[in-house]
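For clarity, every value in this text was computed on a predicted model and none was experimentally measured. Protein chains get the first letters and strands the later ones, always in sequence-line order, with residue 1 at the start of each.
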Protein chains: 2
Amino acid sequence: MNASRSARERVRAELTREITEIARRQLAVEGAPGLSLRAVAREMGMVSSAIYRYFPSRDDLLTALIIDGYNALGEAVEVADAAGDPGDFTGRWLAVCRAVRGWALAHPHEYALLYGSPVPGYQAPQDTVGPALRDTVVYGKIIEAAHKAGALTPPDGFPAPPPVLAEDFGRLRAVIMPGVPDDVVARGLTAWTGLFGTVSFELFGQFNNTIDEREALFDHVMITLGRLVGLR
Amino acid sequence: MNASRSARERVRAELTREITEIARRQLAVEGAPGLSLRAVAREMGMVSSAIYRYFPSRDDLLTALIIDGYNALGEAVEVADAAGDPGDFTGRWLAVCRAVRGWALAHPHEYALLYGSPVPGYQAPQDTVGPALRDTVVYGKIIEAAHKAGALTPPDGFPAPPPVLAEDFGRLRAVIMPGVPDDVVARGLTAWTGLFGTVSFELFGQFNNTIDEREALFDHVMITLGRLVGLR
DNA sequence: ACTCCATCAAGAGCGGTGCTCTCTTATTTT
DNA sequence: AAAATAAGAGAGCACCGCTCTTGATGGAGT
């Protein structure tokens, strides 16, 4: 009965997988606003109402794609980080940055879904939280390892974060980079937001008519931000 | 004939203004995806097809809102910059940052329209370029003035930008901050993208479940980025 | 003063969307 | 074998952007 039960469930799982796959392909081509349940159904040879047996609403399908996206980006970052010398923290930081940018350029609509404007009515369910942190965890490990190795030599003359942030930083530290002092957490956060700010600027068109040498600029900005954290 | 011609044109201009105003209000409530020509027409007591006499397509209406948005943000930044002591460059930088964040928090959907995911099929027409740079011009003037006043003391130990960026920086310098060396342009760009990266992270939900003290974090990151440029 | 014509509102309509409801068929459970 | 559950099909609702045609209206040139 376990086998028979899983027989039907296997079909269901397979169809669910197929729906998300088609949806992901449509997302890549048309972007999130152009993703249509009816088009997915058409491509599957189903009638549109049948899709609702698998995803109660378009938002639920989007959620699946968002989770997939976070995992894909996270994996790309993990792979890039694992490829280099574990002791070369600056190299690892740069590799992570380039992995984020590379993945974003290769999957612009998915990146926009993850880090662009939120869909107005949409509330991200709890299942997205874990995958959403996957890349950040990699980053945190690098900073943590560099700090523990005494490899961080942050520049002088920068102010310490205000005490009111201690609680937020404590929570962040616990999840991402245990044992790292507030000062480093603050600089790390600055660099991390700078990374995504730069990628978003490029991808969302803010560099149009302005910056041509985008890879060179990106690398330079990332090196600068890494230096700010103490990587050299 | 000039008067009579403008009589009709005045009605047209007034209706156009009214359409954009209603559209802007709907945008503020529903967000860009929820902006509907038919809803605007309904609210105006017109039939939907009549709107097309004024805006050939939904994208053209969006363009008008985008231009309005850039101008509104630009003006907010200009006002904030003009309010303080012109010689207090650090204060002006902080004021500009806070103006951007404040405007974004007050007009989240408009900010998302300007700095969030681009609408897939949409190509920004040339008329948006000028307004889009309005805030950046204010920022450039601050950096330029600070540099000319010898008030920039950037921290040591940061790498110089690669020569390949000289052309991009030259173009940027000409428009935004004449007379400022490449090194400062590079750091300035880093800070500028960091500003919007931080605002976008907050507004687009990346700080959810993570950062509570958002204003304090924002100020600290902006001070850090300003320090990177040489403001202290 | 009177045509003439450009402008504009209105209406119908096309093909698309998300989503719901009902009906029938197929499969699993009892 | 019967009952219960799940899934697909189809029709339909209310919306969307956009197009086309039709009729009214008001300014322009004679």
Classify the ring geometry of A:Y111 against A:F204: parallel below 30°, tilted from 30° to 60°, perpendicular beyond 60°. tilted

Parallel under 30°, tilted from 30 to 60°, perpendicular over 60°: which one fits the rings of A:Y139 and A:W93? tilted

Between [atom2] of [N] and [atom1] of [X], the distance in whole Å:
X	N	atom1	atom2	value
A:E9	C:dT27	CD	P	16 Å
A:E18	D:dG8	CD	P	11 Å
A:R10	D:dA6	CZ	C1'	17 Å
A:R53	C:dT25	CZ	P	15 Å
B:I51	C:dG11	CD1	P	15 Å

Would you list the atom pairs, donor with acceptor, under 3.5 Å between side chains in residues 59-76 of chain B and any protein atom, with sequence neighbours excluded?
from  : atom 1 : to     : atom 2 : distance (Å)
B:D60 : OD2    : B:S57  : N      : 3.4
B:D60 : OD2    : B:S57  : OG     : 2.7
B:T63 : OG1    : B:D59  : O      : 2.9
B:T63 : OG1    : B:Y122 : OH     : 2.6
B:D68 : OD2    : B:R24  : NH1    : 2.5
B:Y70 : OH     : A:Q206 : NE2    : 3.3
B:Y70 : OH     : B:L114 : O      : 3.4
B:N71 : OD1    : B:R134 : NH1    : 2.9
B:N71 : ND2    : B:I67  : O      : 3.3

Expected string for nucleotides 12-21 of chain C under the B/S/- scheme (protein heavy atoms, under 4.0 Å, primed atoms plus P, OP1, OP2 as sugar-phosphate) is -B---BBBBB

For C:dC8 and B:Y54 - does any side-chain N or O of the residue sit under 4.0 Å from the phosphate oxygens OP1/OP2? no

Taking only side-chain N and O atoms of A:R12, does any of them lie within less than 4.0 angstrom of OP1 or OP2 on D:dA7? yes

Keeping A:H220 on the side-chain end and A:A216 on the backbone end, is there a donor-acceptor pair under 3.5 Å? no

So for atom CD, which belongs to A:Q123, do other residues, nucleotides or ligands contribute more than 12 heavy atoms lying within a distance under 6.0 Å? no

Take atom CD of A:E43 as the centre, draw a 6.0 Å sphere, and report whether it contains more than 12 heavy atoms from other residues, nucleotides or ligands. yes

Considering every strand and a 4.0 Å limit on heavy-atom distances, what is the contact class for A:L15: base, sugar-phosphate, or nothing? sugar-phosphate

